[in-house]
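One structure is given here, and the rest of the page talks about it.
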Number of protein chains: 4
Amino acid sequence: MDRPEKDDAERRAQERWLEELLRAAEDDRPKMTDKQARIVNAAIEIFAEKGYSAASTSEIATKAGVAEGTIFRHYKTKKELLFSIVSPLVAKLVAPLVLKDFFKVLEAPYPNYESFLRAVIRNRSDFARKHLPALRILLQEIPFHPELREPYKDLVVEGVLPRIRRTVERFQAEGALRADFPSDAVIRLTVTSAVGFLFVRHILLPDYPWDEDAETERTIDFLMHGLAGPRE
Amino acid sequence: MDRPEKDDAERRAQERWLEELLRAAEDDRPKMTDKQARIVNAAIEIFAEKGYSAASTSEIATKAGVAEGTIFRHYKTKKELLFSIVSPLVAKLVAPLVLKDFFKVLEAPYPNYESFLRAVIRNRSDFARKHLPALRILLQEIPFHPELREPYKDLVVEGVLPRIRRTVERFQAEGALRADFPSDAVIRLTVTSAVGFLFVRHILLPDYPWDEDAETERTIDFLMHGLAGPRE
Amino acid sequence: MDRPEKDDAERRAQERWLEELLRAAEDDRPKMTDKQARIVNAAIEIFAEKGYSAASTSEIATKAGVAEGTIFRHYKTKKELLFSIVSPLVAKLVAPLVLKDFFKVLEAPYPNYESFLRAVIRNRSDFARKHLPALRILLQEIPFHPELREPYKDLVVEGVLPRIRRTVERFQAEGALRADFPSDAVIRLTVTSAVGFLFVRHILLPDYPWDEDAETERTIDFLMHGLAGPRE
Amino acid sequence: MDRPEKDDAERRAQERWLEELLRAAEDDRPKMTDKQARIVNAAIEIFAEKGYSAASTSEIATKAGVAEGTIFRHYKTKKELLFSIVSPLVAKLVAPLVLKDFFKVLEAPYPNYESFLRAVIRNRSDFARKHLPALRILLQEIPFHPELREPYKDLVVEGVLPRIRRTVERFQAEGALRADFPSDAVIRLTVTSAVGFLFVRHILLPDYPWDEDAETERTIDFLMHGLAGPRE
DNA sequence: CATGAATGAGCCTTCATTCAT
DNA sequence: CATGAATGAAGGCTCATTCAT
């Protein structure tokens, strides 16, 4: 892992720029009244704790300190309340993938798959920390609500994936990534390792005494060695 | 990764022995009446499709072609029905970890972390294929039913983990695994990669045209390179 | 309460004869198989404990150590099981009242309302002791099952009551009972005191350390003084 | 039972005062919405008619003209609905017994067990008339719901009974009540006669053409003669 | 806007009863 | 005769949703 100091500086700049970019793609909640905010927070807590189906609007109302009717003044149905929590999250998760500039960093002059990973993992970790309970809900409910996936499916399959595939293949051609794996396998292993880290870090064992930076670096190092090119 | 032919033969023998061992740890369902089997199957289907809470016993009864009361003759509550599907699965998942012989393979003369991984991944993949729908349910419901985790928690944390940790550290000392990672990180990366593969393969994209053996080998190869020692 | 010795002897003979008469009116249970008997006993216990409606045939079957179906082989319905316990009891309770000889004792030459009371109270107390749990059930269920009362209503109102009324009026005319009360009031007070005693003795406070004979005598003494004639 | 006119006047005054006292101990139902009142009335009717266990909430709802859910908005469970009817009644029945002033009347200068009885019987008769259906339910259900008795048991056994016993014994010592009966027997006979009267009057034969005042007087007269002292 | 009483469909569960073995 | 699995109607209760205030 020897890299000249100068490049390092540039890399770091690039990483910062990408993280900025990702952060910018997330706009904050639209304005809500105080009551509405309390409803949403109560809903997040209770959906996360017992699951959407097992949560009752009356319990949410009680925890939010509002009347049951008030919930339905803001959200036509219980499902709409769920979606108001979870859809913007899906949107934000997908958002960076459709940004014009997102993959530009990968087209920069040096081999920087690593920088890219670092930026993405850090940003998603911040993201997870910030939206943890809602992410849990998303994770739980996405299998049961195709409406949450549907709008993004084509976008990802036809828009994002091919672009990633092409980028990976360029790295492989350049010798930065091993060429004996199909690009899909490289993507799978990358995503699995990164998401796996985030899942273990934030969902499975959030209370383990993580040294976050070190663990992030290890994950990247592991990935880079596992995928190091060329190997014929 | 050049290995002499002779060792290879022995490795394969060892792998087959371990797979055998794992398979043996799974005993089959106890005998049920025809009706009971139909109830369980219907329940698996519907729990998997809409989640435990959102599934109704009347729907299960209809799909099973029995009267609703019949369900409750066999299972005192809806929850007991869920557990009858899911607890044996948890048991079977944990079973190999407590087998005396399970880690013995790792104490054999040559560096065989790889063989161990291959045996385990293959076996778990077979397992996933066989119990797919029930595994989906398990995955969905385990966060909401501490009763499912509780009996195994101490066993894993105090019994299994230390043993794995020790084994990994021995590999590190022998130079078979990189020594610059804490053993916990090695374990995390291994498990994440393996489980991540199985999750993508069976749950996330079961319909992708997988070349299972090739992909298993790639996952192992990726892992072994990512974790190759020493690097002290 | 001074009475000549000779009369006393005769009174006692009379009382014994009446008690004999009353006892004879009670024939024992018809023959049952062992299982049937166990069912009936279990039913008595459970009906008494939780009431007919709240008792379940499955609980009865369990307690009786038979299959649920077995109950319905002997009794077409749950209600029939109840009635098999309770109707013969009503019949036995009413039986003495329709005996030709029952009131004959009252037509004997001396004032012997008292002897009559003593015989009846003693006999009913024995009866209560013997059939206590079933009596509890009867008491609880009779308001909800007109079928239990119906067959005896006319008999009592038209057959028994007038006869008692006539007898009481004869005692009043003879000066043995006070004449300033209508006969119905005398009957009410008599029955109330006697039944009240039996109720308190056996149902309300069965565990109080009763001196049964003394208390019986007190009840009779109280009644005789309260109703002593003439006073008009 | 000749008593001077003057004393009579005072006695009547005293009786009226006691009746007033008893009536005061009964506070009225707390305010309810119209719907709630209809639910309670329907419940009283149906519980009385078929017993608590055999009554169904859906039937109650129909008779009350409300949705079934409405019942459970006001009463968490069916049992709570029963208790809302029956517990205040038990409380009111016991209330006079714990009034400081209740037994004071018995300590007045003349022999007035009789006045006391008259006041109590009249008051309880009014009470019975007013709460008849609920009393029927109470009578039916009290054996099956220890929770109804429990709170009052110690109060009565340790607080009320000894006081009554002492009073009765004073009357016996003074020659107003017969001294050849244990005080417990005097109490039992008194209570049995009074309660027996009320039971026959209101529950068993409510449709008999009662001359209530006359019958009350007869009961008292009967009691006073049956218990007249001293008989050493 | 907010409320919360009211709704009634639907849930899990119990139960008396039937019937093939 | 006895069994006990199976039934399905009915029970108590919960819940998302509506609407008059």
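Just so it is clear: chains get the letters A, B, ... in the order the sequence lines come, proteins before strands, and each one is counted from 1. FYI, side chains are in, hydrogens and waters are out, and symmetry mates aren't considered; it's all heavy atoms of this structure.
- Comparing B:Phe72 and C:Ser53 along DNA chain E, the residue whose closest nucleotide (by nearest heavy atom) sits nearer the 5' end is B:Phe72.
- Nucleic acid contact class of B:Thr77 (heavy atoms, under 4.0 Å, all strands): sugar-phosphate only.
- F:dG12 atom C1' lies 12 Å from atom CZ of D:Phe47, rounded to whole Å.
- To the nearest 0.5 Å, atoms NZ (A:Lys35) and CD1 (A:Ile71) are separated by 12.0 Å.
- No side-chain donor-acceptor contact under 3.5 Å links A:Arg38 to the backbone of A:Val66.
- When all heavy atoms of C:Ala128 and C:Leu135 are compared, the closest pair comes out as CA-CD1, 3.5 Å.
- A nucleotide of DNA chain E counts as in contact with chain A when one of its atoms lies under 4.0 Å from a heavy atom; the first and last such, 5' to 3', are E:dC1 to E:dG4.
- Taking only side-chain nitrogens and oxygens, D:Lys76 never comes nearer than 4.0 Å to OP1 or OP2 of F:dG12.
- An angle of 0°, rounded to 10°, separates the two end axes of the helix from E:dA2-F:dT21 to E:dT21-F:dA2, each defined over five pairs.
- Heavy-atom nearest nucleotides on DNA chain F were determined for B:Gly65 and for C:Thr70, and the one closer to the 5' end corresponds to C:Thr70.
- Taken from NE2 in B:His131 to CD1 in B:Ile85, the straight-line distance is 13.0 Å, to the nearest 0.5 Å.
- Counting only residues at least two apart or on different chains, the salt bridge (Lys or Arg N to Asp or Glu O under 4.0 Å) pairs with a member in residues 131-147 of chain C are C:Lys79-C:Glu147.
- Rounded to whole Å, atom P of F:dA10 lies 13 Å from atom CD of D:Glu68.
- Checked against ring pair (Phe, Tyr, Trp, His ring centres under 6.0 Å), A:Tyr52 has the following partners two or more places apart in sequence or in another chain: A:Phe47, A:His145.
- Residues passing the side chain to side chain contact (heavy atoms under 4.5 Å, CB included) test with B:Arg149 are B:Ile142, B:Pro146, sequence neighbours excluded.
- With contacts defined as side-chain heavy-atom distances shorter than 4.5 Å, the pair C:Tyr152/C:Leu93 does not qualify.
- Taken residue by residue, residues 55-63 of chain B places heavy atoms nearer than 4.0 Å to DNA chain E at B:Ala55, B:Ser56, B:Thr57.
- The nearest heavy atom of DNA chain E to C:Tyr52 and to A:Thr33 marks one nucleotide each, and the one closer to the 5' end goes with A:Thr33.
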Yes or no on side chain to side chain contact (heavy atoms under 4.5 Å, CB included) for B:Lys78 and B:Ile60, after CA distance, side-chain angles and deciding distance?
CA-CA 10 Å; B:Lys78 186 188 167 193; B:Ile60 293 172; 5.7 Å; no

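- Taking CG from D:Leu89 and CZ from D:Phe83, the interatomic distance works out to 13.0 Å, rounded to the nearest 0.5 Å.
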For a side-chain hydrogen bond (donor to acceptor under 3.5 Å, both in side chains) check, start with the C-alpha distance between D:Glu68 and D:Thr57, then their side-chain angles and the critical distance, and finish with the verdict.
CA-CA 7 Å; D:Glu68 205 172 346; D:Thr57 51; 2.7 Å; yes

